[in-house]
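Okay, structure first, notes after.
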Number of protein chains: 2
Amino acid sequence: MSSSKSPDKAADPSSPTAIPPRERIVSSAADLFRKFGIRGIGVDAIAEAAQTNKMTLYRKFGSKDELLCATLRQVTQRAGAIWDELERDFAGDAAAQLKRWVEFQVDRLEQEPGGCDLANAAVELRDSDHPAHAVVQEFKNSQRNRLAAVCEAAGSSNPELLADTLSLLLEGARVSVQTSGPEGSSRRFRESCEATIAAFHRSRV
Amino acid sequence: MSSSKSPDKAADPSSPTAIPPRERIVSSAADLFRKFGIRGIGVDAIAEAAQTNKMTLYRKFGSKDELLCATLRQVTQRAGAIWDELERDFAGDAAAQLKRWVEFQVDRLEQEPGGCDLANAAVELRDSDHPAHAVVQEFKNSQRNRLAAVCEAAGSSNPELLADTLSLLLEGARVSVQTSGPEGSSRRFRESCEATIAAFHRSRV
DNA sequence: TCAGAACGTTACCGACCGGTCACACCCATG
DNA sequence: CATGGGTGTGACCGGTCGGTAACGTTCTGA
């Protein structure tokens, strides 16, 4: 995540030139897609929110679909950073990593009531040929495998099944947030995760 | 394009008491919303698929939103019928009901790769003020409570937590179907459910 | 027989969409 | 100064959308 090129320009945070247009567009697009849905927001509004215009947007990204993929890829990078953080803060202690993973996701549930941008995009774009679907599928797969690795390192019986279960719980919680609000969902997710982890820790299921 | 004027009026080989337009519209709308998304299909196409026209559609339903709510309500009725079936086929045997519930949902995962229409609608309509949201929330709540009743009758330790966990697993599986395909998702859901039910049956979690 | 409801057909409206074009602008480098 | 790339501006295109108006048709039932 190297962002600063240290230009000798004015570092005024309010100045639109502080951040290059491309990043502003991706950032604004992610924001508006999240708020209104992919089909619910137009490229004009995205460009305006990024303090630029439609022409520049189309010069950076050939189409709205391409812009969408770029925003999703950015989301995957941000979300994927958790594993590095886990390894950094709890190196070697996989059980602690698993516990922290749950808490991290609980925080996300409470702070991001819009659910998972990737999953939401997949739901909204029913056409499975859409290029965004590949981004989503690859991400979900990698997240599950990373989780399975942690589960295995934590000495769980049947780490694959535990990872599957926790993945489903998370996926379910992130959509429940959108149907039933974040209040109960995060609590239920946490309690379900703790019970599940305990069960897989105790028995030979 | 339009070779109309053909008097195919009474040439319908189906029953004389044909399905009334309203039901046809709701049925077609549910189908097309499922296939293309709510924002991905127009009322014209819905009317045509229902073998009627837009004017009739708007006379039966005042707006697209109203039509959407009607289709969602129909989905809730259909999906809610499972509880009657469960009680009919396994009266008194709550453990068997729970097992059958899992298998029923597994079948749905495999046969309906589009996920849950209600949840999908909630995801697509980010505006939580939309009338459809109320329909979705009420349905999800009732489903969870019904499941909790079965869990309690099955003698589970902590039936509330078990119901929450199974609900999250189902919700997660029905979105995973859309991100990773139905092959692995249904199997993972079943195995996770079985392990979870077993854990709640065996211990005092 | 005739009224009236239900349904079909066509055309239309205003709004918005994704995407393109031509052109002016700013600013760094030579 | 010249030049050329990155950027801003506004007009424009073809298409689709949700929704409505006006009128014609078919069926029913008293």
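Throughout, protein chains are lettered first and strands after them, A, B, ... in sequence-line order, and every chain is numbered starting at 1.
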Checklist entry - Would you call A:E191 and A:R187 a salt bridge, using N to O less than 4.0 angstrom? => result yes
Checklist entry - Expressed in angstrom and rounded to an integer, what is the separation of A:I41 atom CD1 from C:dG18 atom C1'? => result 14 Å
Checklist entry - Do the side chain of B:T196 and the main chain of B:S192 share a donor and acceptor less than 3.5 angstrom apart? => result yes
Item to check | Donor-acceptor contact present, side-chain B:R39 to main-chain B:E124, <3.5 Å | outcome: yes
Next on the checklist: What I want to check is whether an N or O donor and acceptor connect the side chain of A:R59 with the base of D:dG5 at under 3.5 Å.
Outcome noted: no
Checklist outcome for this item: The nucleotide from C:dG19, C:dC7, D:dT9 with an atom nearest the side chain of A:K64 is C:dG19
Item to check | Interatomic distance where NZ belongs to B:K54 and C1' belongs to C:dA6 [whole Å] | outcome: 19 Å
Checklist entry - Of the candidate nucleotides C:dG8, D:dG18, D:dG8, which contains the atom at the shortest distance from the side chain of A:T52? => result D:dG8
Checklist outcome for this item: Side-chain contact check for A:V43: nearest option of C:dG18, D:dG18, D:dG8 is C:dG18
Next on the checklist: From CE of A:M55 over to C1' of D:dG8, roughly how many Å is that when rounded to an integer?
Outcome noted: 11 Å
Next on the checklist: Can a side-chain donor-acceptor contact be found between B:E110 and B:S186 if the only test is distance below 3.5 angstrom?
Outcome noted: yes
Item to check | Whole-Å distance separating the CD atom of B:E23 from the C1' atom of C:dC7 | outcome: 16 Å
Checklist entry - Quick one: A:N53 CG to C:dG18 C1', roughly how many Å, whole number? => result 15 Å
Item to check | Length of the CZ-C1' vector between B:R39 and D:dG18, whole Å | outcome: 13 Å
Next on the checklist: In whole Å, I'd like the distance from the NZ atom of A:K60 to the C1' atom of D:dT7.
Outcome noted: 9 Å
Next on the checklist: Using whole Å, what does the distance between atom P of nucleotide D:dT9 and atom OH of A:Y58 come to?
Outcome noted: 18 Å
Next on the checklist: With a 4.0 Å cutoff (strictly under), does any side-chain N or O of B:T56 reach OP1 or OP2 of C:dG8?
Outcome noted: yes
